[in-house]
S.K.: 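Before I ask anything, here is the structure I am working with.
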Amino acid sequence: MDKSFDPKAIEAKWYARWEASGAFAPSGSGEPYCILLPPPNVTGTLHMGHGFQHTLMDALIRYHRMRGNDTLWQLGDDHAGIATEMVVTRQLAAQGIARADLNRDQFIERVWQWKRESGDSIEQGIRRIGDSGDWSRAVFTMDPMPSRAVTEAFVRLYEQGLIYRGQKLVNWDPVLKTAISDLEVVSTEEDGFLWSIRYDVIDPRPGEPDHLVVATTRPETMLGDVAVAVHPDDERYTSLVANKRRLRLPLTGREIPVIADDYVDREFGTGAVKVTPAHDFNDYAIWQRHAPSGTFAHLPNNGLLNVFTPSARILHDPDGWVQEDRVSIKNLNYRGDSDTGADIAKTALEAVESALTESPILESIPNQYRGLDRYDARKTVLADLDAQGLLVESKPHKLMVPRGDRTQQVIEPYLTWQWFVKMDGFAKRGLELVESGAVKFVPENWTSTYRHWLSNIQDWCISRQLTWGHRIPAWYDAQGGVHVGRDEAEARALGGLGSEVALTQDHDVLETWFSSALWPFSTMGWPDETAMLERGYDKYLPSSVLVTGFDIIFFWVARMIMLTDHFSGRLPFREVYIHGLVRDKDGQKMSKSKGNVLDPLDLIDGISLDALLAKRTAGLMQPQMAKKIEAATRKEFPDGIPAFGADALRFTFAALAGPGRDIKFDLERCEGYKNFCNKLWNAARFVLMNIEPFSPRERGRGEGPGEAQWAGTNEPSSGATRHLLPEGEGKQPATEAERWILTRLHRTLAEVETQFAAYRFDLIAQALYEFTWNEFCDWFVELAKPALNGNDKGAAESTRRTLLVVLDALLHALHPLIPFVTEEIWHEVAPKLGPSTGLRTGIDGNELLITQAYPLASDFAIDAQAERDIEWLRALLSGVRRIRGEMDIPPGKQIPLLFAAGDASDRPRAQTFSASIAFLARVASQRWLEPAETEPASAIAVIGDMRVLIPLAGLIDLDAERARLKKEISRIESEKKKSEGKLGNANFVANAPAEVVEQERARLNGWSVQLDALRDQALRLATA
RNA sequence: GGGUGCUUAGCUCAGCGGUAGAGCACCGCCUUUACACGGCGAUGGUCGUAGGUUCGAUUCCUACAGCACCCACCA
């Protein structure tokens, strides 16, 4: 083995071998364990969030595979409707192709082309991270199988009356010209104005107000006002309401009523609110309350007066619309399937006209506003109001502005026809499944987030005015009749329509999350029974755990729970592990615009400063940020980023995965864990050197380690797990140190098992790190050195075996976190261990660590006595080393050691470990003082009852030791005092549990013994 | 406006009714034959503030402050 570990050299090799061996596929036996990969969007590249999430999932998958589960990691990717459509449109634009120049089929073909490239790059990234998912089963959401499930689900829901088409106010993105989800709208506080406008009362009566003043942040919408609302108990306005007074709507001259509604806050502004039901969600709600009583019956569309075109211009006549709003029309054009030319224009015009028919108020909109963009219209409206003396006040105002999270455009509430899923029944069931504990959130507190959202849910708008996605399986006849079916023929048949009736399929597609909601069973072949059988529907549904971020609890998790239950009667998964967001080292969200994005592949392979700068400053939305980003990047990474390798990156992610927290990604942690991999590598080198007959010191000395088989005393708890150390092979560990390390291994594995069950990846990493570095390397390997070189041949051979066995178990235990380096080392180690008892053999006949059995705690015996003994030895060696360090005794200098006092166990211990003490503390001689002997002036360490003395004899700086003693004495005095205080408190002794009191007494005793010893020496030093 | 989480060593974070921990950074010594991507040792914290419960609170409760995030219709 090389002297240090080089990740690059091994990663590609092992990934290819794992995959070729079939290790990623389910084994077909054992308890099923399944994780669904949250399918990455085909738009993206892999980011740190993926790296993090994938590391956690792969650790779980590898762990369970090694535990003998029939393990499936269902891979896939997501077509990501809006995001992909935007990316491809932008790309076309860069090639000088207007999206409008392509028809539907052509556009979709371009998306597929792009998907193939992008999908490849994501897949490549996933492989580099080491994901051991089953590629042969990977599914794309637009593939035939999941697409069929989408159609089937839609049709069934429609037949069950759970899907309907309706005209409602939705969040509308005027640039994308599609409805978007509430969840895709982000409200940000922005500076704006609050304008107060005077609406005059028609024919005012004496004693009543002759006008009202309403406040608005969006004056342009007043063209669609249908009323002014006041609070029913507001005495200023009761007579206006009671006497049915009407107001003159400025600029249009329309007459509108004054209505009373509880929604109005009397304290805000003048207590009067303009009501624009087609352009405001609150006003829409008011409209819903008042329309049934006929308040708006005289108005077109019962008062839902839409004044905007789809691109948020004020309505204008159809021809003008076609001319001025070319993009909008073209948008409709290319959505016309493979139609071309005249057909397209005709379809477009018809669409516009029908939109206007639904909101026929064009005549009430004065000419000067028609066709204006919403912000231009605002200016003009305000100027005109001002000129007429109707603008009462303009004052600066902070308001929440809704913006689309994709386009950053201001979102309009917009009246359109859309498809909806009725949510009340689903929500109820979704709540039940979580409240009953059938689905558990980890950490648990996410349950309340889920509950809160489902308790306040609206019907789910599932249609999008996009091209890329699953097309809605609904057809329209010339009369506007709607026919839903699995295909056109079925729709026709169900509607009883002859072949002479012309049908047009709905142009819209389903929002991406609709197909995502079906993922747990659509990936398992549903609804096709043959496919279901093939893909293990019965085995892998429910899946075991969903690993995902909190940001998609609503988008995805809740909907999977509801729809999976509805269609399969099963849970999608039993547990949901919610992890945090990966942020940069200052806690900032990583984003392209901030220029603080890290690419996991750059951490694996390293990247030069120049390449990193180029990456971070290319294609910025705000190019002026480039300078700032460059400066910050140069400062943080003056030499670029070194290659850490996939293992180090994975271990970092695991170690940072504390419960319910975002993680700040710190490169220094990553560096530390690369060192950890190197440490493991070198520990392996040490072990191998010492078991190889050809190692320089071993040459000629004879035999190798023999069969490394050891007797654990406990039965393994699972049949799937091999005995690392089969019983009856007869050989017992020869030394205390071996029994100790095997005990520590037992405890570490028990901890790992517990923490895997709790998804505490940070604690898994910590337990294994500590065992590897602080126990195996720092102590066992060091203790092994004198044993290997000593005269006791049995101890030497036994130690060799134990080194090998513990290393082997450790490689297994670490494999789920750091698969590459452990696999590589294992192939050096395994041949020394004798015949493998792995779970499976790869198809190429070569065994791999990835399919070996995970070691269980019970494979290794506990020896509590050995634990105590080694604890004693460690305390002794630490004590001596501390004196050495503080007294500046040169490390190479051999020193004499005297032991004094002590209890019955100390003498045999000192005897047992004398060689270790001599080697590890560089001790020339060890001797017990006879009871009659007086202690010489010495530096002292107290281990339990025993005193360890290093005689001064010219070795020790007297003043330094006096100072050290003084400090130590005062520290122990204060501890003793605290202890005495506690025990002096009658309440403590009376009320605290007996064992706590007992423990406190023991501590007090310990302090006293130490104090006595230290004081004795202090006295001697005073006179020395 | 409602909700959730966080506040522990210089930094990043574990922990938790009964002796305050880790990694990194910092300081000292050491090229000791696995590893300088290393070894040994040392320093460093009234556990956000104020109350309460308890024999005992960093831990449980209450209030407050600061930070972060989520949800929400105040024109």
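Each chain gets a letter, A, B and so on, in the order the sequences are listed, and its residues count up from 1.
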S.K.: Could you tell me how far apart Trp779(A) (CH2) and A34(B) (P) are, to the nearest whole angstrom?
M.R.: 17 Å
S.K.: For the side chain of Leu399(A), starting at C-beta, report the closest nucleotide among U32(B), G15(B), A75(B).
M.R.: A75(B)
S.K.: In terms of relative ring orientation, are Trp446(A) and Phe550(A) parallel, tilted or perpendicular, with 30° and 60° separating the classes?
M.R.: parallel
S.K.: Take the protein atom CG of Asn690(A) and the nucleotide atom P of C35(B), then report the distance between them rounded to whole Å.
M.R.: 12 Å
S.K.: If the P atom of U31(B) is compared with that of C35(B), how far apart are they to the nearest Å?
M.R.: 15 Å
S.K.: Could you tell me whether the phosphate oxygens of C55(B), OP1 or OP2, come under 4.0 Å of any side-chain nitrogen or oxygen in Asn991(A)?
M.R.: yes
S.K.: Would a 4.5 Å heavy-atom cut-off, applied to side chains only, mark Glu189(A) and Met400(A) as touching?
M.R.: yes
S.K.: So which nucleotide from U12(B), C24(B), G18(B) ends up closest to the side chain of Val996(A)?
M.R.: G18(B)
S.K.: Side chain of Asp265(A) only, please: which of A68(B), C55(B), C74(B) is the nearest?
M.R.: C74(B)
S.K.: Choosing from A36(B), C74(B), C24(B), which nucleotide comes nearest the side chain of Lys3(A)?
M.R.: A36(B)
S.K.: Base, sugar-phosphate, or nothing: which does Cys777(A) touch, judged by heavy atoms less than 4.0 Å apart?
M.R.: base
S.K.: Categorize Trp773(A) for me: base, sugar-phosphate, or nothing, with a 4.0 angstrom heavy-atom threshold over every strand shown.
M.R.: sugar-phosphate
S.K.: Between A34(B) and Glu782(A), counting only base atoms on the nucleotide and side-chain atoms on the residue, is there a donor-acceptor pair under 3.5 Å?
M.R.: yes
S.K.: With rounding to the closest Å, how many angstrom separate the P atoms on U12(B) and A72(B)?
M.R.: 32 Å
S.K.: Where each residue is assigned the nucleotide of RNA chain B containing its nearest heavy atom, which of Phe5(A) and Pro993(A) is assigned the position nearer the 5′ end?
M.R.: Pro993(A)
S.K.: Using the side-chain heavy atoms of Val273(A), tell me which of these nucleotides is nearest: U43(B), A75(B), U19(B).
M.R.: A75(B)
S.K.: Side chains of Asp808(A) and Trp826(A): any donor to acceptor distance under 3.5 Å?
M.R.: yes
S.K.: Whole angstroms only, please: what is the CZ-P distance between Arg874(A) and C40(B)?
M.R.: 10 Å
S.K.: Could you state the CZ-P distance from Phe653(A) to U12(B), rounded to the nearest angstrom?
M.R.: 18 Å
S.K.: How close or far is atom P of G44(B) from atom NZ of Lys967(A), stated in whole angstroms?
M.R.: 7 Å
S.K.: Base, sugar-phosphate, or nothing: which does Asp778(A) touch, judged by heavy atoms less than 4.0 Å apart?
M.R.: sugar-phosphate
S.K.: Base, sugar-phosphate alone, or nothing: which one does Pro890(A) contact when heavy atoms must sit under 4.0 Å apart?
M.R.: nothing
S.K.: With sugar-phosphate meaning primed atoms plus P, OP1 and OP2, does Tyr263(A) contact a base, only sugar-phosphate, or nothing at under 4.0 Å between heavy atoms?
M.R.: base
S.K.: Using a strict cut-off of less than 4.0 Å between a Lys/Arg side-chain nitrogen and an Asp/Glu carboxylate oxygen, indicate whether Arg874(A) and Glu782(A) qualify as a salt bridge.
M.R.: no
S.K.: Using the side-chain hydrogen bond (donor to acceptor under 3.5 Å, both in side chains) criterion, which residues pair with Tyr577(A)? Sequence neighbours excluded.
M.R.: none
S.K.: If you measure from the C1' atom in A63(B) to the same atom in A9(B), how many Å do you get, rounded?
M.R.: 28 Å
S.K.: Between Phe5(A) and Ile825(A), does a side chain to side chain contact (heavy atoms under 4.5 Å, CB included) hold up when you go through it step by step?
M.R.: CA-CA 10 Å; Phe5(A) 154 63; Ile825(A) 298 172; over 6 Å; no
S.K.: According to a strict under-4.0 Å criterion, is Arg266(A) in side-chain N/O contact with OP1 or OP2 of A75(B)?
M.R.: no
S.K.: Given the P atoms of G18(B) and G10(B), what is the spacing between them in whole Å?
M.R.: 24 Å
S.K.: Between G15(B), C74(B), G41(B), spot the one nearest the side chain of Arg881(A), thanks.
M.R.: G41(B)
S.K.: What's the closest nucleotide to the Arg882(A) side chain, out of C55(B), A42(B), C73(B)?
M.R.: A42(B)
S.K.: Taking atom P of G1(B) as reference, at what distance in whole Å does atom CZ of Phe268(A) sit?
M.R.: 14 Å
S.K.: Asn282(A) has a side chain; which of A14(B), C73(B), U19(B) sits nearest to it?
M.R.: C73(B)
S.K.: Checking all strands, does Arg218(A) fall into the base, sugar-phosphate, or nothing category for heavy-atom contacts under 4.0 angstrom?
M.R.: nothing
S.K.: Say you pick atom P in G28(B) and the same atom in G66(B); how far apart are they, in whole Å?
M.R.: 42 Å
S.K.: Are OP1 or OP2 of C73(B) and a side-chain N or O of Trp287(A) less than 4.0 angstrom apart?
M.R.: no
S.K.: Are OP1 or OP2 of G38(B) and a side-chain N or O of Asn675(A) less than 4.0 angstrom apart?
M.R.: yes
S.K.: Charged N to carboxylate O under 4.0 angstrom, Glu973(A) versus Lys976(A)?
M.R.: no
S.K.: Could you work out which one of A20(B), U12(B), C55(B) sits closest to the side chain of Lys978(A)?
M.R.: A20(B)
S.K.: Counting the atoms with a prime plus P, OP1 and OP2 as sugar-phosphate, which does Arg760(A) contact under 4.0 Å by heavy atoms, base, sugar-phosphate, or nothing?
M.R.: sugar-phosphate
S.K.: Give Ala990(A) one of three labels, base, sugar-phosphate or nothing, depending on what nucleic acid heavy atoms sit under 4.0 Å from its own.
M.R.: nothing
S.K.: Classify the angle between the aromatic ring planes of Trp453(A) and Phe554(A) as parallel (below 30°), tilted (30 to 60°) or perpendicular (above 60°).
M.R.: parallel
S.K.: Does Lys679(A) put a side-chain nitrogen or oxygen below 4.0 Å from OP1 or OP2 of G39(B)?
M.R.: yes
S.K.: Of the nucleotides A75(B), U19(B), C69(B), which one has an atom closest to the side chain of Thr217(A)?
M.R.: A75(B)
S.K.: Select base, sugar-phosphate, or nothing to describe what Val989(A) touches, counting heavy atoms under 4.0 Å on all strands.
M.R.: nothing
S.K.: Donor-acceptor check, side chain of Asp584(A) to backbone of Asp586(A), threshold 3.5 angstrom: yes or no?
M.R.: yes
S.K.: Identify whether the distance between the nearest side-chain nitrogen and carboxylate oxygen of Glu980(A) and Lys977(A) falls below 4.0 Å.
M.R.: no
S.K.: If the cut-off is 4.0 Å, is Lys674(A) near the phosphate of C24(B), judged by side-chain N/O to OP1 or OP2?
M.R.: no
S.K.: Identify, between Gly269(A) and Ser187(A), the residue whose nearest nucleotide on RNA chain B lies closer to the 5' end.
M.R.: Ser187(A)
S.K.: Between C26(B) and C11(B), how far is it from one C1' atom to the other, in whole Å?
M.R.: 11 Å
S.K.: How is Ile663(A) classified with respect to the nucleic acid when contacts are heavy atoms under 4.0 Å: base, sugar-phosphate, or nothing?
M.R.: nothing
S.K.: If you look at every strand shown and take non-hydrogen atoms under 4.0 Å, does Thr449(A) touch a base, only sugar-phosphate, or nothing?
M.R.: nothing
S.K.: Students often get this wrong, so: under 4.0 angstrom with heavy atoms, is Val214(A) touching a base, only sugar-phosphate, or nothing?
M.R.: nothing
S.K.: Could you tell me whether the phosphate oxygens of A34(B), OP1 or OP2, come under 4.0 Å of any side-chain nitrogen or oxygen in Lys785(A)?
M.R.: yes
S.K.: Say you pick atom C1' in C67(B) and the same atom in U8(B); how far apart are they, in whole Å?
M.R.: 16 Å
S.K.: Provide the distance between the two C1' atoms, one in A34(B) and one in G44(B), to the nearest whole Å.
M.R.: 32 Å
S.K.: Arg403(A): which residues meet the side-chain hydrogen bond (donor to acceptor under 3.5 Å, both in side chains) condition with it, sequence neighbours left out?
M.R.: Glu190(A)
S.K.: Taking Watson-Crick and G-U wobble pairs with both distances under 3.5 Å, convert RNA chain B into its dot-bracket string, 5' to 3', dots for unpaired and | for cross-strand pairs.
M.R.: (((((((..((((....[..))))..((((.......))))......(((((..]....))))))))))))....
S.K.: In terms of side-chain geometry, is the basic nitrogen of Arg760(A) or Asp762(A) positioned less than 4.0 Å from the acidic oxygen of its partner?
M.R.: yes
